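Note that the structure is a prediction, hence the values are computed from the model and not measured.
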Amino acid sequence: MHREQTRITADPAEITVELAPLSELDHRTAAAPGTAAPWDAAEWALTGDPLSRLIGDADLASFWEREPFVARGLGSFDDVFSVDDVDELLTGGGLRVPALRLISAGSTIPEYRYLRPDHRPPGAVRHRPRPGVVRDGKPEGPKPVEGLIDPVRVNQLVAAGATLVLQGMRLYWRSVDRFSAHLGAQLGHPVHTNAYLTPMGASGAGAHWDMHSVFVRQVSGAKRWTVAEPVEPWPRNLSTKATAQGTRVVGDYVLEAGDCLYIPRGFIHDGWAVDDAPSAHITFGLHDPTTWADWFGELVHELADDPRLRQILPPRFAEHRDVVAESLAVSRDLVVEALQQMDVEGTALRIIEDSQHSDPDRAPGRLRALMTPLRPDTALRIADDRVVLATGAAESEPVTVTTSVGHLTAPAAFEGVLRRLLDGDEHTVGEFEREVDDDTARVLVERLVTVGAVTPV
């Protein structure tokens with residue numbers, strides 16, 4: 001005699017969703033801490049091995065943060081970024097400051113010289129009062145889009161010798177964002193990306209140093225670079241025109257399309273386009289890299305858990321230097337003792353785990369999924385190859401599904417259902433209505449779509 005399978009019954013309120021900022025989620029931890037992020041083959045094929053496209057087959061550790069390095073003949077970079085992409089960005093009409101800025105002779109050109117005069121879309125009638133509603137003395141309703149770039153003015157300034165700078169390109173150019181995310185996964189540090197177009201014979205920002213190492217990938221034309229020793233190892237302060245000079249030049253390079261120059265943090269550098277052609281290059285810099293001083297500062301800050309170190313300085317301490325020195329010596333000994341007792345292996349693992357949160361990939365688009373009605377015959381599949389299903393230490397503990405935008409928690413009884421939903425095959429909503437009572441099945445699928453774990457096909 002056939003026995004009907006028992007359906008799972010649960011209070012839908014037990015299926016919870018928490019949406020969080022990307023920076024607070026580790027949605028790429030399908031790999032163990034300390035291993036590479038689990039990019040799938042299709043994603044990797046879109047960019048190739050990012051680091052090898054910047055340094056070839058060289059050993060990065062042999063020059064990392066110590067000396068400049070040039071790799072030549074690396075091939076085209078058009079699949080990531082090209083001059084045609086800049087034209088598309090400009091003529092698309094939606095680029096706004098500060099995504100673009102212009103430099104001339106080392107100084108930034110004021111924004112008003114290349115913004116649209118009225119910050120309105122082309123064809124807007126000027127001086128006509130804009131309809132709207134006023135509440136409590138404040139206008140409501142549509143607002144003009146401000147800070148729009150005027151492509152005609154930009155082109156005029158570039159033709160006159162200005163360098164065009166595209167900033168924060170990961171925010172608005174998908175191929176650049178993808179390459180940068182993969183490069184960051186290889187380096188273990190987040191990467192930010194800018195691009196520079198310089199007319200022939202013109203210079204850019206002038207001699208300066210950066211607070212991060214940078215890879216300069218030449219896209220078209222040619223640019224000459226001089227690189228000089230830092231004023232001190234890994235400077236702690238930004239450069240100025242007065243400070244970025246006077247040290248020994250260690251490299252003089254002409255980069256042509258397909259070449260890449262690695263400039264270590266703190267090395268003074270200056271570049272200008274050669275006389276016979278404009279130059280376009282893109283830079284990949286380590287975004288606010290964490291130093292050992294940063295880490296030890298954080299560890300020392302955590303010593304405030306010791307109540308002895310939460311004591312304030314004694315009254316009228318400025319009049320008793322010996323008392324201050326004695327108290328300082330006691331506190332120093334407490335800090336040294338705590339650092340000597342530090343769990344080195346555990347702290348190393350923590351550093352690695354924190355690094356996996358530092359450069360979240362862009363979340364997949366979900367509007368179509370959120371607007372699709374869910375019916376019994378609606379087909380579903382896993383939405384992102386970085387969705388992670390985790391079970392509790394005990395069989396009775398809830399299961400958690402973590403995605404790029406949040407996580408879902410459900411009773412342990414749903415583990416089997418969730419594993420089938422996330423197995424990569426297509427399933428219909430109706431399949432799970434046969435395993436889970438109707439109301440709970442609907443809530444489960446809706447919340448999986450909300451958290452970006454599954455999507456209608």
Side-chain angles (χ1 to χ4, degrees), residues 18-37 61 64-66 184-192 209-213 230-239 264-266 285-361 388 390 392-394 397-398 400 402 406-407 409:
E18 181 178 351
L19 301 178
L22 286 176
S23 59
E24 296 179 6
L25 288 169
D26 182 8
H27 59 279
R28 299 184 300 183
T29 51
T35 62
W64 177 256
E65 291 237 293
R66 289 195 300 274
Q186 284 186 296
L187 296 175
H189 295 275
V191 169
H192 69 89
W209 69 72
D210 294 315
M211 303 296 287
H212 52 265
S213 295
V231 295
E232 64 173 329
W234 307 308
R236 292 168 291 176
N237 300 308
L238 293 172
S239 64
R265 174 168 50 124
L286 304 188
H287 181 67
D288 192 21
T290 302
T291 67
W292 288 114
D294 295 329
W295 260 103
F296 276 103
E298 183 172 334
L299 292 172
V300 170
H301 179 74
E302 293 174 359
L303 294 178
D305 292 339
D306 187 333
R308 295 171 296 178
L309 289 172
R310 294 202 298 270
Q311 298 180 73
I312 65 172
L313 300 179
R316 302 178 66 178
F317 64 88
E319 301 175 10
H320 304 284
R321 187 172 62 179
D322 56 335
V323 174
V324 174
E326 181 180 347
S327 298
L328 179 60
V330 172
S331 298
R332 176 202 59 197
D333 293 343
L334 290 173
V335 171
V336 171
E337 178 185 355
L339 291 177
Q340 288 175 336
Q341 294 176 354
M342 178 180 63
D343 177 6
V344 175
E345 291 296 329
T347 303
L349 179 60
R350 175 182 161 191
I351 291 173
I352 293 170
E353 289 176 337
D354 279 9
S355 73
Q356 295 177 334
H357 293 263
S358 59
D359 189 19
D361 192 27
V388 177
E397 292 185 9
T400 302
T402 302
H407 59 262
T409 302

To the nearest 0.5 Å, what is the distance between CD on Glu298 and NE2 on His301?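 Taking CD in Glu298 and NE2 in His301, the distance rounds to 8.0 Å.
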Nearest-0.5 Å distance, OG1 of residue Thr347 to CH2 of residue Trp295: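 Thr347 OG1 to Trp295 CH2: 7.5 Å, rounded to 0.5 Å.
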[X]: which residues meet the side chain to side chain donor-acceptor pair (under 3.5 Å) condition with it, sequence neighbours left out?
{"X": "Glu302", "answer": "Arg350"}
{"X": "Ser213", "answer": "Glu65, Tyr262"}
{"X": "Arg236", "answer": "none"}
{"X": "Glu319", "answer": "Arg316"}

Please name all residues satisfying side-chain contact (heavy atoms from CB on, under 4.5 Å) with Glu345, sequence neighbours left out, ordered by chain then number.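 Testing Glu345 for side-chain contact (heavy atoms from CB on, under 4.5 Å), a comparison that skips the adjacent residues, returns Asp343.
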Tell me, please, which residues at least two apart from Thr409 pass side-chain contact (heavy atoms from CB on, under 4.5 Å).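 With neighbours one apart ignored, the set is Thr16, Pro398, Thr400, His407.
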If I compare all heavy atoms of [X] with all of [Y], which pair ends up nearest, and what's the gap?
{"X": "Pro235", "Y": "Gly266", "result": "CD-CA, 3.5 Å"}
{"X": "Ala304", "Y": "Arg310", "result": "O-NH1, 2.5 Å"}
{"X": "Arg265", "Y": "Thr291", "result": "NH1-CG2, 4.0 Å"}

ring-ring contact (aromatic ring centres under 6.0 Å, His included) against His212, all qualifying residues, sequence neighbours excluded: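 In terms of ring-ring contact (aromatic ring centres under 6.0 Å, His included), with neighbours along the sequence ignored, His212 is linked to His192.
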Which residues satisfy the salt bridge (charged side-chain N to carboxylate O under 4.0 Å, His left out) test with Asp306, sequence neighbours excluded?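 Partners of Asp306 by the salt bridge (charged side-chain N to carboxylate O under 4.0 Å, His left out) criterion, ordered by chain and then number, come out as Arg308.
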Using only atom types and a distance under 3.5 Å, with no angle test, would you say the side chain of Trp209 pairs donor to acceptor with the backbone of Asn237?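 Yes, Trp209 side chain to Asn237 backbone: donor-acceptor pair under 3.5 Å.
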All N/O donor-acceptor pairs, side-chain side in residues 322-336, below 3.5 Å, sequence neighbours left out:
{"from": "Ser327", "atom 1": "OG", "to": "Val323", "atom 2": "O", "distance (Å)": "3.1"}
{"from": "Ser331", "atom 1": "OG", "to": "Ser327", "atom 2": "O", "distance (Å)": "3.2"}

So do Trp64 and Leu187 actually touch side chain to side chain, heavy atoms under 4.5 Å?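 Yes. Closest side-chain heavy atoms under 4.5 Å.
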Flag if over 12 foreign heavy atoms under 6.0 Å of CZ, Arg321: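 For Arg321, atom CZ is not crowded (no more than 12 foreign heavy atoms under 6.0 Å).
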